[in-house]
Amino acid sequence: MIMHKNKLVLFLAMLLVCSRVWADVETTDKVVISELSVEPGSSSVYNFTVSLDGSDTYYTAFEIDLTLPDGLSVATTSKGDLRVSMVKPSLYPYETEEQENEDGEIEEVKAYTHQLSKAMTGPNRLKVIVLSFENELFTKTSGNLFKVYVQASPYLKPGDVEIGVKALLVTPDEVKYYPEEYTSTSVQASTTSTLSLKVSADNKFGTCILPFGYDLPADGSLQAYTCNDYSSDAILLTKAERMEAYQPYILYSQEGFSSTLSGTVDASKYPEGGVVKQGFLVGTLVQKELTASTSYVMQNQGNGPLFYRVGATPFVLSAGKCYAELPEGSEARAIRFDDDATGIFETENEKLSGNQGTYDLSGRRVEKLEKGVYIVNGQKVVNW
């Protein structure tokens with residue numbers, strides 16, 4: 001990323017040098033985005049083309065900023081480079097040169113004087129600059145400028161996807177600009193979403209918010225809980241019969257759980273801002289930086305999964321995860337499951353002995369607790 005930004009600074013400096021007279025001129029020449037359909041959660045890499053349409057001006061360079069919606073991200077190469085490329089030959093001038101290939105044969109190649117630089121200048125902001133050292137004119141007044149390769153997360157809102165566009169178009173004598181950013185809605189996201197849901201056998205706990213409803217397995221291999229109360233030392237969880245769309249949950253699986261889920265997304269239920277709170281749980285459909293001291297994040301720091309309060313260092317929570325939000329001054333760090341039949345609890349320091357009428361889930365008395373779930377004095381207990 002540092003390399004991209006350094007290159008971007010160099011190109012910006014060149015952009016200033018290459019323009020002889022800087023007169024900010026408003027333009028109506030449109031930068032347009034080609035139509036594209038995506039399926040949220042698909043492993044596919046899609047691409048759209050950004051073009052200059054309807055202009056009668058010969059430009060030499062441009063700087064275009066695209067604001068992508070939450071859930072649509074620029075794909076990267078195996079080396080981590082952003083997948084953005086000029087469309088060639090399009091309207092970029094070139095010269096034909098003879099070069100020797102790997103087989104020792106002479107072949108003609110096209111040498112372009114224009115170069116492209118790209119960088120993410122914000123969480124969803126892509127900046128693309130194309131210019132030449134010689135400040136050469138494009139060969140056409142309209143045409144394809146560059147391609148952007150993107151991936152769609154499971155949490156991309158279905159329907160028309162808006163991409164913000166802001167541009168500077170450079171001629172040898174002036175810079176033309178749009179008075180304000182406008183939006184293109186040529187990308188269509190389907191109502192079907194796919195995602196992988198995993199709870200490790202080691203942690204047994206996890207958090208999740210789904211963009212569609214999901215019937216929990218009848219065999220109990222995965223359980224989901226909401227959080228509507230807390231005590232002085234624990235958050236209290238209530239078992240859910242089903243996972244509803246756009247609701248935050250804490251997950252529990254004794255043996256671990258892994259499955260690929262698909263469902264139909266109702267765009268009308270999409271929470272504004274991509275964040276939804278229910279009780280004391282908050283689920284986020286977008287990457288979120290947590291800074292408030294009232295935010296608690298589930299982590300395993302050696303004592304099993306507990307909710308740790310966010311400290312002075314911000315915590316970046318991934319899309320599709322949840323955190324607990326408790327009143328100021330709370331110190332609850334444990335997880336307690338409080339349903340009608342049993343209570344499952346664990347605390348940071350509490351250790352349970354094996355001689356208190358302890359049984360495994362098959363009803364067999366045990367003398368020593370290993371990691372797992374046991375019945376102790378009539379209560380279901382998770383031991384780490």
Side-chain angles (χ1 to χ4, degrees), residues 4 8 11 27-55 59 61-92 112 114-131 138 140-169 177-178 180-194 265 267 270 274 285-287 319:
H4 286 316
L8 185 65
F11 272 29
T27 182
T28 57
D29 291 342
K30 276 289 185 180
V31 171
V32 298
I33 297 174
S34 63
E35 293 186 358
L36 172 67
S37 295
V38 300
E39 182 176 327
S42 169
S43 59
S44 300
V45 175
Y46 306 93
N47 70 80
F48 60 81
T49 301
V50 179
S51 304
L52 181 62
D53 183 53
S55 173
Y59 292 103
F62 61 81
E63 172 189 330
I64 295 176
D65 290 272
L66 301 179
T67 302
L68 303 179
D70 291 320
L72 192 68
S73 60
V74 181
T76 57
T77 66
S78 58
K79 296 182 179 179
D81 296 327
L82 297 173
R83 292 190 61 183
V84 182
S85 59
M86 291 194 301
V87 178
K88 300 175 181 179
S90 187
L91 43 61
Y92 303 115
Y112 291 87
H114 283 76
Q115 298 182 46
L116 180 145
S117 181
K118 69 273 188 181
M120 298 302 299
T121 58
N124 301 78
R125 189 83 165 183
L126 171 66
K127 182 182 290 292
V128 180
I129 296 174
V130 169
L131 53 78
F138 293 157
K140 301 176 183 178
T141 57
S142 297
N144 296 331
L145 300 176
F146 58 92
K147 280 189 176 183
V148 181
Y149 295 81
V150 295
Q151 290 181 290
S153 88
Y155 305 101
L156 178 64
K157 183 179 180 180
D160 292 330
V161 178
E162 292 187 348
I163 297 178
V165 181
K166 193 170 182 63
L168 296 176
L169 302 172
Y177 71 99
Y178 295 112
E180 59 184 20
E181 182 172 288
Y182 64 92
T183 58
S184 170
T185 55
S186 54
V187 181
Q188 177 74 25
S190 73
T191 57
T192 300
S193 180
T194 303
V265 180
Y270 189 92
L285 305 175
V286 299
Q287 181 174 288

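Scope of the values below: all heavy atoms of this structure, side chains included, with no hydrogens, waters or symmetry mates. As the structure is a computational prediction, the values presented were derived from the model and not from experiment.
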task = Quick one: pull up CG in Leu168 and CZ in Phe62 and give me the separation to the nearest 0.5 Å.
result = 11.5 Å
Min side-chain heavy-atom separation Arg125-Lys166 under 4.5 Å = yes
message = Could you measure the distance from the NZ atom of Lys127 to the OG1 atom of Thr67? Nearest 0.5 Å is fine.
response = 10.0 Å
request  = Look at the aromatic rings of Phe138 and His114 and report parallel, tilted or perpendicular, splitting at 30° and 60°.
outcome  = tilted
query = Minimum heavy-atom separation for Asp29 to Tyr59, with atom names?
reply = OD2-OH, 2.5 Å
key: Exam field: side chain Ser55 to backbone Ser142, donor-acceptor pair closer than 3.5 Å   = no
inquiry  = Please check: side-chain N/O of Tyr112 versus main-chain N/O of Met86, any donor-acceptor pairing under 3.5 Å?
reply    = no
Test item: Val74 and Leu68 side chains (from C-beta on) under 4.5 Å apart, heavy atoms = yes
query = Can you name the closest pair of heavy atoms from Ile33 and Phe48 and give their distance?
reply = CG2-CD1, 3.4 Å
task = Specify the closest pair of heavy atoms between Val84 and Phe146, including all atoms of both residues, with the distance to one decimal.
result = CG1-CD1, 3.9 Å
OG1 on Thr141 to CG on Leu91, rounded to 0.5 Å = 8.5 Å
message = Let me confirm one number: the CG-OG1 distance from Leu126 to Thr121, rounded to the nearest 0.5 Å.
response = 7.5 Å
Below 3.5 Å, can you tabulate the donor-acceptor pairs from side chains in residues 153-165 to any protein atom, sequence neighbours excluded?
{"residue": "Ser153", "atom": "OG", "partner": "Tyr155", "partner atom": "N", "Å": "3.1"}
{"residue": "Tyr155", "atom": "OH", "partner": "Ile209", "partner atom": "O", "Å": "3.3"}

remark   = In this structure, CD of Glu63 is separated from OH of Tyr177 (nearest 0.5 Å) by 14.5 Å
key: Candidate pair Leu52 and Leu169, rule side chain to side chain contact (heavy atoms under 4.5 Å, CB included), full reasoning   = CA-CA 10 Å; Leu52 181 62; Leu169 302 172; 4.0 Å; yes
ask   = Just wondering, are more than 12 heavy atoms of other shown residues or ligands nearer than 6.0 Å to CD in Gln188?
value = yes
Minimal non-hydrogen separation, Leu82 against Lys118, with atom names = O-CE, 3.1 Å
request  = Could you pull out all residues at least two apart from Ser44 that satisfy side-chain hydrogen bond (donor to acceptor under 3.5 Å, both in side chains)?
outcome  = Ser42
ask   = Can you tell me if Tyr46 uses its side chain to pair, donor with acceptor, with the backbone of Glu39 under 3.5 Å?
value = yes
request  = State, to 0.1 Å, how close Tyr92 and Asn144 come at their nearest heavy-atom pair, and which atoms those are.
outcome  = CE1-O, 4.3 Å
Least distance between heavy atoms, Gln151 atom then Ser43 atom = NE2-O, 3.8 Å
Residue pair Thr49 / Ser51, side-chain donor-acceptor N/O under 3.5 Å = no
Side chain to side chain donor-acceptor pair (under 3.5 Å) between Ser184 and Ser186, intermediate numbers included = CA-CA 6 Å; Ser184 170; Ser186 54; 3.2 Å; yes
Thr28 side, atom OG1; Lys30 side, atom NZ - distance, nearest 0.5 Å = 9.0 Å
